[in-house]
**Student:** 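A single structure is presented below for examination.
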Number of protein chains: 2
Amino acid sequence: MRSICLPVDLELPDLDRLDAIVGTRRSVRRGDALYRADDAFQSLYAVRSGSFKTVVVHRDGGEQVTGLFLPGDPLGLDGVCHDAHACDAVALEDSSVCVIPFALFDAFCHDVKPMQRHFYRMMGSAIVRESNLLMVLGTMTAEQRVAAFLLNLSERFRTRGYSPTAFSLRMTREEMGSYLGIKLETVSRMFSKFQKDGLLETQGKSIHLLDLEGLARI
Amino acid sequence: MRSICLPVDLELPDLDRLDAIVGTRRSVRRGDALYRADDAFQSLYAVRSGSFKTVVVHRDGGEQVTGLFLPGDPLGLDGVCHDAHACDAVALEDSSVCVIPFALFDAFCHDVKPMQRHFYRMMGSAIVRESNLLMVLGTMTAEQRVAAFLLNLSERFRTRGYSPTAFSLRMTREEMGSYLGIKLETVSRMFSKFQKDGLLETQGKSIHLLDLEGLARI
DNA sequence: CGAATTCTTGATACCGATCAATAGATGTGG
DNA sequence: CCACATCTATTGATCGGTATCAAGAATTCG
(Lines give C-alpha, C1' and ligand atoms only; values in the text may rest on other atoms or scores of the structure.)
Protein backbone atom coordinates (compact mmCIF):
# COMPACT_ATOMS: atom_id res chain seq x y z
CA MET A 1 0.00 0.00 0.00
CA ARG A 2 2.73 2.44 0.97
CA SER A 3 4.54 1.57 -2.24
CA ILE A 4 1.66 3.05 -4.23
CA CYS A 5 1.00 5.92 -1.93
CA LEU A 6 4.53 6.95 -1.06
CA PRO A 7 7.09 5.41 -3.39
CA VAL A 8 9.91 7.21 -1.66
CA ASP A 9 12.90 5.85 0.18
CA LEU A 10 12.92 7.39 3.61
CA GLU A 11 15.32 6.78 6.47
CA LEU A 12 14.00 5.78 9.85
CA PRO A 13 13.70 9.08 11.73
CA ASP A 14 11.92 10.69 8.77
CA LEU A 15 9.63 7.72 8.42
CA ASP A 16 8.54 8.06 12.03
CA ARG A 17 7.87 11.74 11.59
CA LEU A 18 5.77 11.01 8.51
CA ASP A 19 3.82 8.35 10.37
CA ALA A 20 3.03 10.92 13.02
CA ILE A 21 1.79 13.37 10.39
CA VAL A 22 -0.35 10.81 8.60
CA GLY A 23 -1.56 9.28 11.85
CA THR A 24 -5.24 10.10 11.64
CA ARG A 25 -7.79 7.94 9.87
CA ARG A 26 -11.25 8.85 8.76
CA SER A 27 -14.16 6.73 7.62
CA VAL A 28 -16.65 7.97 5.08
CA ARG A 29 -19.94 6.28 4.43
CA ARG A 30 -21.18 5.53 0.91
CA GLY A 31 -22.66 8.69 -0.59
CA ASP A 32 -21.13 11.00 2.02
CA ALA A 33 -18.63 13.71 1.12
CA LEU A 34 -15.04 13.68 2.35
CA TYR A 35 -15.00 17.37 1.52
CA ARG A 36 -17.11 19.75 -0.53
CA ALA A 37 -16.32 22.59 -2.90
CA ASP A 38 -15.49 25.78 -0.98
CA ASP A 39 -14.59 23.86 2.16
CA ALA A 40 -11.42 25.26 3.69
CA PHE A 41 -8.37 23.38 2.46
CA GLN A 42 -6.54 21.94 5.42
CA SER A 43 -5.58 18.40 4.58
CA LEU A 44 -4.63 16.07 1.81
CA TYR A 45 -5.98 12.54 1.91
CA ALA A 46 -4.88 9.12 0.73
CA VAL A 47 -7.52 6.53 -0.01
CA ARG A 48 -7.01 3.50 2.26
CA SER A 49 -9.99 1.40 1.29
CA GLY A 50 -13.04 1.86 -0.88
CA SER A 51 -13.26 4.43 -3.65
CA PHE A 52 -14.24 8.04 -4.31
CA LYS A 53 -15.43 10.25 -7.11
CA THR A 54 -14.76 13.97 -7.45
CA VAL A 55 -17.56 16.09 -8.91
CA VAL A 56 -17.77 19.69 -10.02
CA VAL A 57 -21.22 21.16 -9.58
CA HIS A 58 -22.32 23.78 -12.07
CA ARG A 59 -24.45 26.73 -11.00
CA ASP A 60 -27.55 25.27 -12.68
CA GLY A 61 -27.18 21.97 -10.84
CA GLY A 62 -25.37 20.13 -13.63
CA GLU A 63 -22.85 17.67 -12.24
CA GLN A 64 -19.64 16.55 -13.88
CA VAL A 65 -17.59 13.68 -12.46
CA THR A 66 -13.95 14.70 -12.87
CA GLY A 67 -12.11 11.88 -11.15
CA LEU A 68 -12.25 8.34 -9.79
CA PHE A 69 -9.96 7.47 -6.89
CA LEU A 70 -8.87 4.00 -5.82
CA PRO A 71 -6.89 2.82 -2.78
CA GLY A 72 -3.50 4.50 -2.72
CA ASP A 73 -4.62 7.52 -4.74
CA PRO A 74 -4.04 10.99 -3.29
CA LEU A 75 -7.12 13.13 -2.87
CA GLY A 76 -7.58 16.83 -2.17
CA LEU A 77 -4.90 18.36 -4.38
CA ASP A 78 -7.55 20.57 -5.96
CA GLY A 79 -7.48 22.61 -2.75
CA VAL A 80 -3.84 23.62 -2.97
CA CYS A 81 -4.76 26.46 -5.30
CA HIS A 82 -7.01 28.79 -3.33
CA ASP A 83 -7.06 27.52 0.26
CA ALA A 84 -10.47 26.07 -0.59
CA HIS A 85 -11.49 22.91 -2.38
CA ALA A 86 -12.63 23.20 -5.98
CA CYS A 87 -14.87 20.13 -6.08
CA ASP A 88 -16.75 17.63 -3.94
CA ALA A 89 -15.15 14.29 -3.07
CA VAL A 90 -17.85 11.65 -2.50
CA ALA A 91 -17.41 8.05 -1.36
CA LEU A 92 -18.71 5.48 -3.86
CA GLU A 93 -18.85 2.85 -1.10
CA ASP A 94 -18.03 2.76 2.59
CA SER A 95 -14.42 3.92 2.55
CA SER A 96 -11.56 5.15 4.68
CA VAL A 97 -8.74 7.62 4.15
CA CYS A 98 -5.53 8.76 5.80
CA VAL A 99 -5.70 12.41 6.77
CA ILE A 100 -2.56 14.41 6.01
CA PRO A 101 -2.64 17.91 7.54
CA PHE A 102 -1.17 20.06 4.82
CA ALA A 103 0.73 22.48 7.04
CA LEU A 104 2.66 19.63 8.65
CA PHE A 105 3.10 17.84 5.36
CA ASP A 106 4.44 20.98 3.71
CA ALA A 107 6.97 21.49 6.50
CA PHE A 108 8.01 17.86 6.15
CA CYS A 109 8.48 18.29 2.41
CA HIS A 110 10.61 21.33 3.10
CA ASP A 111 13.00 19.27 5.20
CA VAL A 112 13.03 16.07 3.18
CA LYS A 113 13.87 16.55 -0.45
CA PRO A 114 12.68 13.18 -1.79
CA MET A 115 9.30 13.87 -0.23
CA GLN A 116 9.12 17.30 -1.81
CA ARG A 117 9.91 15.70 -5.12
CA HIS A 118 7.20 13.13 -4.64
CA PHE A 119 4.68 15.83 -3.83
CA TYR A 120 5.53 17.57 -7.08
CA ARG A 121 4.99 14.30 -8.89
CA MET A 122 1.59 13.87 -7.32
CA MET A 123 0.55 17.34 -8.47
CA GLY A 124 1.98 16.71 -11.91
CA SER A 125 0.19 13.38 -12.15
CA ALA A 126 -3.11 15.04 -11.39
CA ILE A 127 -2.52 17.47 -14.26
CA VAL A 128 -1.59 14.72 -16.68
CA ARG A 129 -4.53 12.55 -15.63
CA GLU A 130 -6.93 15.38 -16.40
CA SER A 131 -5.23 16.06 -19.74
CA ASN A 132 -5.84 12.46 -20.69
CA LEU A 133 -9.47 12.76 -19.72
CA LEU A 134 -9.75 15.91 -21.83
CA MET A 135 -8.46 13.86 -24.72
CA VAL A 136 -11.13 11.23 -24.11
CA LEU A 137 -13.93 13.80 -23.89
CA GLY A 138 -12.68 15.85 -26.80
CA THR A 139 -11.90 13.25 -29.43
CA MET A 140 -13.49 9.87 -28.75
CA THR A 141 -16.79 8.24 -29.67
CA ALA A 142 -18.98 6.80 -26.93
CA GLU A 143 -17.70 3.32 -27.73
CA GLN A 144 -14.08 4.42 -27.47
CA ARG A 145 -14.71 6.28 -24.23
CA VAL A 146 -16.13 3.25 -22.47
CA ALA A 147 -13.33 1.03 -23.78
CA ALA A 148 -10.67 3.54 -22.70
CA PHE A 149 -12.31 3.82 -19.29
CA LEU A 150 -12.23 0.06 -18.75
CA LEU A 151 -8.63 -0.24 -19.92
CA ASN A 152 -7.58 2.58 -17.62
CA LEU A 153 -9.25 0.85 -14.68
CA SER A 154 -7.69 -2.45 -15.64
CA GLU A 155 -4.24 -0.88 -15.63
CA ARG A 156 -4.81 0.81 -12.29
CA PHE A 157 -5.99 -2.40 -10.65
CA ARG A 158 -3.00 -4.21 -12.12
CA THR A 159 -0.47 -1.79 -10.61
CA ARG A 160 -2.21 -2.27 -7.27
CA GLY A 161 -1.80 -6.02 -7.40
CA TYR A 162 -5.46 -6.75 -8.07
CA SER A 163 -6.73 -8.67 -11.06
CA PRO A 164 -6.64 -6.50 -14.18
CA THR A 165 -9.47 -8.48 -15.78
CA ALA A 166 -12.03 -9.00 -13.02
CA PHE A 167 -13.12 -6.25 -10.71
CA SER A 168 -16.12 -4.68 -9.09
CA LEU A 169 -17.06 -1.15 -10.04
CA ARG A 170 -19.02 0.77 -7.47
CA MET A 171 -20.02 3.62 -9.77
CA THR A 172 -23.49 3.68 -11.28
CA ARG A 173 -23.93 3.86 -15.04
CA GLU A 174 -24.96 7.44 -14.54
CA GLU A 175 -21.70 8.32 -12.78
CA MET A 176 -19.66 6.58 -15.45
CA GLY A 177 -21.62 8.48 -18.07
CA SER A 178 -20.94 11.78 -16.34
CA TYR A 179 -17.25 10.94 -16.10
CA LEU A 180 -17.17 10.09 -19.82
CA GLY A 181 -19.44 12.85 -21.06
CA ILE A 182 -22.23 10.52 -22.24
CA LYS A 183 -25.64 9.44 -20.91
CA LEU A 184 -26.24 6.40 -18.73
CA GLU A 185 -28.27 4.62 -21.42
CA THR A 186 -25.34 4.93 -23.80
CA VAL A 187 -22.97 3.43 -21.23
CA SER A 188 -25.37 0.54 -20.80
CA ARG A 189 -25.65 0.02 -24.54
CA MET A 190 -21.89 -0.06 -24.93
CA PHE A 191 -21.56 -2.67 -22.19
CA SER A 192 -24.19 -4.75 -23.97
CA LYS A 193 -22.38 -4.34 -27.28
CA PHE A 194 -19.02 -5.34 -25.84
CA GLN A 195 -20.64 -8.34 -24.21
CA LYS A 196 -22.21 -9.37 -27.50
CA ASP A 197 -18.80 -9.04 -29.17
CA GLY A 198 -17.23 -11.29 -26.54
CA LEU A 199 -14.98 -8.57 -25.13
CA LEU A 200 -16.30 -8.75 -21.58
CA GLU A 201 -18.95 -10.10 -19.24
CA THR A 202 -20.90 -8.00 -16.78
CA GLN A 203 -23.12 -8.97 -13.93
CA GLY A 204 -24.35 -5.90 -12.15
CA LYS A 205 -21.38 -4.10 -10.67
CA SER A 206 -18.84 -6.82 -11.37
CA ILE A 207 -16.99 -6.74 -14.63
CA HIS A 208 -14.89 -9.42 -16.26
CA LEU A 209 -12.73 -8.30 -19.17
CA LEU A 210 -12.18 -11.14 -21.65
CA ASP A 211 -10.19 -9.44 -24.40
CA LEU A 212 -7.99 -6.50 -23.41
CA GLU A 213 -6.43 -6.30 -26.86
CA GLY A 214 -9.81 -6.24 -28.48
CA LEU A 215 -10.84 -3.35 -26.28
CA ALA A 216 -7.63 -1.51 -27.08
CA ARG A 217 -8.25 -1.84 -30.82
CA ILE A 218 -11.53 0.08 -30.62
CA MET B 1 3.39 41.81 -15.91
CA ARG B 2 5.17 40.57 -12.83
CA SER B 3 1.97 41.06 -10.86
CA ILE B 4 0.28 38.40 -13.00
CA CYS B 5 3.24 36.12 -13.21
CA LEU B 6 4.60 36.38 -9.68
CA PRO B 7 2.10 37.95 -7.31
CA VAL B 8 4.42 37.49 -4.39
CA ASP B 9 5.97 40.04 -2.10
CA LEU B 10 9.70 39.49 -2.17
CA GLU B 11 12.43 41.44 -0.43
CA LEU B 12 15.28 42.83 -2.41
CA PRO B 13 18.00 40.18 -2.14
CA ASP B 14 15.49 37.45 -3.02
CA LEU B 15 14.18 39.46 -5.92
CA ASP B 16 17.66 39.76 -7.36
CA ARG B 17 18.21 36.05 -7.02
CA LEU B 18 14.93 35.37 -8.79
CA ASP B 19 15.85 37.77 -11.58
CA ALA B 20 19.06 35.82 -12.06
CA ILE B 21 17.13 32.54 -12.27
CA VAL B 22 14.58 33.88 -14.72
CA GLY B 23 17.19 35.75 -16.71
CA THR B 24 17.02 33.90 -19.99
CA ARG B 25 14.54 34.75 -22.72
CA ARG B 26 13.52 32.65 -25.65
CA SER B 27 11.67 33.52 -28.83
CA VAL B 28 9.42 31.03 -30.55
CA ARG B 29 8.13 31.51 -34.06
CA ARG B 30 4.47 30.97 -34.92
CA GLY B 31 3.82 27.25 -35.35
CA ASP B 32 7.06 26.19 -33.66
CA ALA B 33 7.09 24.16 -30.44
CA LEU B 34 8.49 25.51 -27.20
CA TYR B 35 8.71 21.89 -26.10
CA ARG B 36 7.29 18.60 -27.24
CA ALA B 37 5.84 15.58 -25.45
CA ASP B 38 8.62 13.34 -24.10
CA ASP B 39 11.15 16.16 -24.16
CA ALA B 40 13.20 16.13 -20.97
CA PHE B 41 11.68 18.43 -18.36
CA GLN B 42 14.26 21.02 -17.39
CA SER B 43 12.50 24.35 -17.25
CA LEU B 44 9.26 26.08 -16.56
CA TYR B 45 8.29 29.01 -18.75
CA ALA B 46 6.28 32.18 -18.39
CA VAL B 47 4.69 33.66 -21.48
CA ARG B 48 6.06 37.18 -22.07
CA SER B 49 4.38 38.04 -25.32
CA GLY B 50 2.22 36.21 -27.84
CA SER B 51 0.28 33.07 -27.02
CA PHE B 52 0.59 29.29 -26.95
CA LYS B 53 -1.57 26.21 -27.14
CA THR B 54 -0.80 22.87 -25.53
CA VAL B 55 -1.80 19.76 -27.46
CA VAL B 56 -1.87 16.08 -26.58
CA VAL B 57 -1.26 13.84 -29.58
CA HIS B 58 -2.99 10.49 -29.65
CA ARG B 59 -1.27 7.44 -31.10
CA ASP B 60 -3.48 7.50 -34.19
CA GLY B 61 -2.62 11.12 -34.92
CA GLY B 62 -5.69 12.63 -33.25
CA GLU B 63 -4.87 15.98 -31.66
CA GLN B 64 -6.56 17.50 -28.65
CA VAL B 65 -5.86 21.08 -27.62
CA THR B 66 -5.75 21.06 -23.82
CA GLY B 67 -4.78 24.62 -23.01
CA LEU B 68 -4.46 28.19 -24.23
CA PHE B 69 -1.78 30.38 -22.64
CA LEU B 70 -1.65 34.17 -22.64
CA PRO B 71 1.05 36.57 -21.46
CA GLY B 72 1.78 35.99 -17.78
CA ASP B 73 0.62 32.38 -17.80
CA PRO B 74 2.99 29.69 -16.57
CA LEU B 75 3.81 26.95 -19.03
CA GLY B 76 5.47 23.56 -18.63
CA LEU B 77 3.95 22.35 -15.38
CA ASP B 78 2.90 19.15 -17.14
CA GLY B 79 6.55 18.08 -17.01
CA VAL B 80 6.85 18.12 -13.22
CA CYS B 81 5.33 14.66 -13.08
CA HIS B 82 7.72 12.34 -14.92
CA ASP B 83 10.80 14.41 -15.77
CA ALA B 84 9.37 14.59 -19.28
CA HIS B 85 6.72 16.78 -20.83
CA ALA B 86 3.28 15.29 -21.35
CA CYS B 87 2.20 17.50 -24.25
CA ASP B 88 3.44 19.81 -26.98
CA ALA B 89 3.44 23.58 -26.41
CA VAL B 90 3.09 25.39 -29.73
CA ALA B 91 3.23 29.14 -30.39
CA LEU B 92 0.03 30.53 -31.95
CA GLU B 93 1.94 33.61 -33.12
CA ASP B 94 5.52 34.85 -32.85
CA SER B 95 6.01 34.78 -29.10
CA SER B 96 8.56 34.98 -26.34
CA VAL B 97 8.91 33.35 -22.94
CA CYS B 98 11.00 33.61 -19.81
CA VAL B 99 12.95 30.44 -19.17
CA ILE B 100 12.97 29.26 -15.56
CA PRO B 101 15.41 26.38 -14.96
CA PHE B 102 13.48 24.11 -12.65
CA ALA B 103 16.40 22.96 -10.49
CA LEU B 104 17.28 26.54 -9.59
CA PHE B 105 13.65 27.51 -9.17
CA ASP B 106 13.04 24.56 -6.88
CA ALA B 107 16.01 25.49 -4.71
CA PHE B 108 14.74 29.06 -4.57
CA CYS B 109 11.30 27.86 -3.50
CA HIS B 110 12.95 25.81 -0.80
CA ASP B 111 14.54 28.91 0.68
CA VAL B 112 11.71 31.37 0.20
CA LYS B 113 8.42 30.24 1.60
CA PRO B 114 6.11 32.72 -0.19
CA MET B 115 7.59 31.53 -3.46
CA GLN B 116 7.01 27.89 -2.56
CA ARG B 117 3.46 28.77 -1.75
CA HIS B 118 3.02 30.52 -5.07
CA PHE B 119 4.39 27.53 -6.92
CA TYR B 120 1.80 25.33 -5.21
CA ARG B 121 -0.87 27.76 -6.31
CA MET B 122 0.29 27.59 -9.89
CA MET B 123 0.08 23.81 -9.86
CA GLY B 124 -3.29 23.93 -8.18
CA SER B 125 -4.56 26.46 -10.70
CA ALA B 126 -3.57 24.18 -13.54
CA ILE B 127 -5.60 21.38 -11.97
CA VAL B 128 -8.64 23.59 -11.44
CA ARG B 129 -8.43 25.04 -14.94
CA GLU B 130 -8.52 21.56 -16.43
CA SER B 131 -11.43 20.55 -14.17
CA ASN B 132 -13.39 23.46 -15.54
CA LEU B 133 -12.59 22.42 -19.08
CA LEU B 134 -13.75 18.88 -18.26
CA MET B 135 -17.02 20.41 -17.16
CA VAL B 136 -17.32 22.25 -20.47
CA LEU B 137 -16.57 19.15 -22.53
CA GLY B 138 -18.72 16.86 -20.42
CA THR B 139 -21.93 18.80 -19.98
CA MET B 140 -22.33 21.67 -22.45
CA THR B 141 -23.85 22.01 -25.91
CA ALA B 142 -21.76 23.42 -28.76
CA GLU B 143 -23.40 26.80 -28.31
CA GLN B 144 -22.63 26.88 -24.60
CA ARG B 145 -19.03 25.78 -25.17
CA VAL B 146 -18.27 28.62 -27.53
CA ALA B 147 -19.98 31.14 -25.25
CA ALA B 148 -18.08 29.84 -22.21
CA PHE B 149 -14.83 29.99 -24.15
CA LEU B 150 -15.36 33.63 -25.13
CA LEU B 151 -16.34 34.62 -21.59
CA ASN B 152 -13.28 32.88 -20.17
CA LEU B 153 -11.05 34.76 -22.61
CA SER B 154 -12.80 38.01 -21.82
CA GLU B 155 -12.15 37.53 -18.13
CA ARG B 156 -8.50 36.65 -18.68
CA PHE B 157 -7.90 39.70 -20.85
CA ARG B 158 -9.63 41.83 -18.25
CA THR B 159 -7.36 40.68 -15.42
CA ARG B 160 -4.39 41.49 -17.64
CA GLY B 161 -5.54 45.03 -18.21
CA TYR B 162 -6.59 44.51 -21.81
CA SER B 163 -10.06 45.18 -23.13
CA PRO B 164 -12.47 42.41 -22.08
CA THR B 165 -14.71 43.06 -25.08
CA ALA B 166 -12.36 43.51 -28.01
CA PHE B 167 -9.44 41.24 -28.67
CA SER B 168 -7.63 39.36 -31.35
CA LEU B 169 -7.61 35.59 -31.24
CA ARG B 170 -4.73 33.88 -32.96
CA MET B 171 -6.21 30.39 -32.88
CA THR B 172 -7.84 28.96 -35.99
CA ARG B 173 -11.44 27.75 -35.85
CA GLU B 174 -10.03 24.26 -35.98
CA GLU B 175 -7.90 24.81 -32.87
CA MET B 176 -10.83 26.34 -31.01
CA GLY B 177 -12.92 23.36 -32.03
CA SER B 178 -10.31 20.94 -30.79
CA TYR B 179 -10.10 22.82 -27.50
CA LEU B 180 -13.89 22.69 -27.14
CA GLY B 181 -14.45 19.17 -28.45
CA ILE B 182 -16.39 20.24 -31.55
CA LYS B 183 -15.62 20.63 -35.26
CA LEU B 184 -14.41 23.81 -36.91
CA GLU B 185 -17.60 24.18 -38.94
CA THR B 186 -19.62 24.14 -35.75
CA VAL B 187 -17.43 26.85 -34.22
CA SER B 188 -17.96 28.95 -37.30
CA ARG B 189 -21.72 28.40 -37.22
CA MET B 190 -21.90 29.45 -33.57
CA PHE B 191 -19.97 32.64 -34.29
CA SER B 192 -22.41 33.39 -37.11
CA LYS B 193 -25.36 32.68 -34.85
CA PHE B 194 -24.05 34.92 -32.05
CA GLN B 195 -23.43 37.64 -34.59
CA LYS B 196 -26.97 37.34 -35.93
CA ASP B 197 -28.27 37.59 -32.35
CA GLY B 198 -26.28 40.76 -31.77
CA LEU B 199 -24.03 39.22 -29.11
CA LEU B 200 -20.75 39.91 -30.91
CA GLU B 201 -19.05 40.99 -34.11
CA THR B 202 -16.23 39.12 -35.76
CA GLN B 203 -13.89 40.10 -38.53
CA GLY B 204 -11.41 37.35 -39.14
CA LYS B 205 -9.30 36.92 -36.03
CA SER B 206 -10.59 39.99 -34.22
CA ILE B 207 -13.58 39.62 -31.98
CA HIS B 208 -15.76 42.27 -30.42
CA LEU B 209 -18.11 41.12 -27.68
CA LEU B 210 -21.24 43.26 -27.55
CA ASP B 211 -23.30 41.57 -24.84
CA LEU B 212 -21.40 39.72 -22.13
CA GLU B 213 -24.53 39.09 -20.10
CA GLY B 214 -26.30 37.69 -23.11
CA LEU B 215 -23.43 35.27 -23.65
CA ALA B 216 -23.51 34.28 -19.99
CA ARG B 217 -27.22 33.48 -20.17
CA ILE B 218 -26.70 30.82 -22.85
C1' DC C 1 -38.47 -9.58 2.05
C1' DG C 2 -39.99 -5.48 -0.24
C1' DA C 3 -39.36 -0.69 -1.72
C1' DA C 4 -36.40 2.04 -4.14
C1' DT C 5 -32.86 2.56 -7.01
C1' DT C 6 -30.42 1.11 -10.96
C1' DC C 7 -30.09 -1.21 -15.34
C1' DT C 8 -31.45 -2.74 -19.90
C1' DT C 9 -33.68 -2.31 -24.21
C1' DG C 10 -36.56 -0.17 -27.81
C1' DA C 11 -38.47 3.82 -30.65
C1' DT C 12 -37.84 8.32 -32.06
C1' DA C 13 -35.79 13.00 -32.41
C1' DC C 14 -32.21 16.17 -32.79
C1' DC C 15 -27.64 18.09 -32.53
C1' DG C 16 -23.41 18.21 -34.48
C1' DA C 17 -20.40 15.63 -37.92
C1' DT C 18 -19.41 15.04 -42.50
C1' DC C 19 -19.11 16.21 -47.32
C1' DA C 20 -18.81 19.83 -50.53
C1' DA C 21 -18.24 24.19 -52.75
C1' DT C 22 -17.30 29.11 -52.48
C1' DA C 23 -15.31 33.07 -50.46
C1' DG C 24 -11.92 35.34 -47.88
C1' DA C 25 -7.38 35.93 -45.62
C1' DT C 26 -2.54 35.28 -45.39
C1' DG C 27 1.92 34.86 -46.89
C1' DT C 28 5.53 34.43 -50.58
C1' DG C 29 8.31 35.39 -54.41
C1' DG C 30 8.77 37.85 -58.49
C1' DC D 1 3.58 45.95 -54.32
C1' DC D 2 1.04 42.93 -56.73
C1' DA D 3 -0.21 38.14 -58.26
C1' DC D 4 -0.63 33.78 -57.16
C1' DA D 5 -0.78 29.75 -54.16
C1' DT D 6 -2.16 28.13 -49.86
C1' DC D 7 -4.42 28.12 -45.84
C1' DT D 8 -8.66 29.45 -43.35
C1' DA D 9 -13.51 30.60 -42.88
C1' DT D 10 -18.29 30.48 -44.12
C1' DT D 11 -22.50 28.35 -45.52
C1' DG D 12 -25.56 24.66 -47.25
C1' DA D 13 -27.27 19.75 -47.61
C1' DT D 14 -27.30 15.40 -45.74
C1' DC D 15 -26.16 11.66 -42.51
C1' DG D 16 -25.31 9.38 -38.25
C1' DG D 17 -24.42 8.92 -33.37
C1' DT D 18 -26.30 10.03 -28.94
C1' DA D 19 -29.85 12.00 -26.37
C1' DT D 20 -34.37 11.61 -25.07
C1' DC D 21 -38.58 9.36 -23.74
C1' DA D 22 -40.61 5.26 -22.10
C1' DA D 23 -41.44 0.69 -20.12
C1' DG D 24 -40.08 -3.30 -17.92
C1' DA D 25 -36.41 -6.17 -15.56
C1' DA D 26 -32.78 -6.71 -12.35
C1' DT D 27 -30.24 -5.42 -8.42
C1' DT D 28 -29.38 -3.31 -4.08
C1' DC D 29 -30.15 -2.14 0.47
C1' DG D 30 -32.75 -1.12 4.53
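Letters go in sequence order (proteins before strands), and every chain restarts at 1.
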**Student:** Could you tell me whether the side chain of B:L133 reaches within less than 4.5 Å of the side chain of B:Y179, counting heavy atoms only?
**Tutor:** yes

**Student:** Should B:T139 and A:H58 count as side-chain neighbours, where that means a heavy-atom distance under 4.5 Å?
**Tutor:** no

**Student:** Round to the nearest Å and state the distance from A:I182 atom CD1 to D:dA19 atom C1'.
**Tutor:** 11 Å

**Student:** Figure out the CD/P separation between A:E93 and D:dT28, and round it to whole Å.
**Tutor:** 13 Å

**Student:** Counting the atoms with a prime plus P, OP1 and OP2 as sugar-phosphate, which does A:R170 contact under 4.0 Å by heavy atoms, base, sugar-phosphate, or nothing?
**Tutor:** sugar-phosphate

**Student:** Tell me whether the rings of A:F119 and B:Y120 are parallel (<30°), tilted (30 to 60°) or perpendicular (>60°).
**Tutor:** perpendicular

**Student:** Tell me whether the count of non-hydrogen atoms from other residues, nucleotides or ligands lying under 6.0 Å of CZ in B:R25 goes above 12.
**Tutor:** yes

**Student:** For residues 206-218 of chain B, which residue pairs pass the side chain to side chain donor-acceptor pair (under 3.5 Å) check, not counting sequence neighbours?
**Tutor:** none

**Student:** For C:dC15 and B:T141 - does any side-chain N or O of the residue sit under 4.0 Å from the phosphate oxygens OP1/OP2?
**Tutor:** no

**Student:** Rounding to a whole Å, what distance do you find between A:K183:NZ and C:dA13:C1'?
**Tutor:** 15 Å

**Student:** Measure distances between side-chain N and O atoms of A:E174 and base N and O atoms of C:dC7, and say whether any donor-acceptor pair falls under 3.5 Å.
**Tutor:** no

**Student:** Less than 4.5 Å apart, any side-chain heavy atom of B:T54 and any of B:V65?
**Tutor:** no

**Student:** Need to verify one output field. Residue with the more 5' nearest nucleotide on DNA chain D, B:G204 or A:E185?
**Tutor:** B:G204

**Student:** Could you check how far CG of B:L180 sits from C1' of C:dC15, rounded to whole Å?
**Tutor:** 16 Å

**Student:** Heavy atom of residues 187-195 of chain A under 4.0 Å from DNA chain C: which residues?
**Tutor:** A:S188, A:R189, A:S192

**Student:** Are any of the side-chain heavy atoms of B:L92 and B:V90 separated by less than 4.5 Å?
**Tutor:** no

**Student:** Taking the side chain as C-beta and beyond, is there a heavy-atom pair between B:D88 and B:K53 under 4.5 Å?
**Tutor:** no

**Student:** Would you indicate which nucleotide in C:dT6, D:dA9, D:dT27 comes nearest to any side-chain atom of B:R173?
**Tutor:** D:dA9

**Student:** How many Å lie between CD on B:E143 and P on C:dG16, as a whole number?
**Tutor:** 8 Å

**Student:** OP1 or OP2 of C:dG16 versus the side-chain N and O atoms of B:T186: is any pair under 4.0 Å?
**Tutor:** no

**Student:** What is the distance from CZ of A:R30 to P of C:dT5, rounded to the nearest Å?
**Tutor:** 11 Å

**Student:** Ignoring the backbone of A:K205, work out which of D:dT10, D:dT18, D:dT28 is nearest its side chain.
**Tutor:** D:dT28

**Student:** Could you check how far CG of B:L184 sits from P of C:dA20, rounded to whole Å?
**Tutor:** 15 Å

**Student:** Kindly calculate the angle separating the two end axes of the helix from C:dC1-D:dG30 to C:dG30-D:dC1, each obtained from five base pairs, and round it to 10 degrees.
**Tutor:** 60°

**Student:** With side chains defined as the heavy atoms from C-beta onward, is the minimum distance between A:Y45 and A:Y35 less than 4.5 Å?
**Tutor:** yes

**Student:** Just how far, in rounded Å, is C1' of D:dT18 from CZ of A:R145?
**Tutor:** 10 Å

**Student:** Hey, does A:L199 have a side-chain heavy atom less than 4.5 Å from the side chain of A:L209?
**Tutor:** no

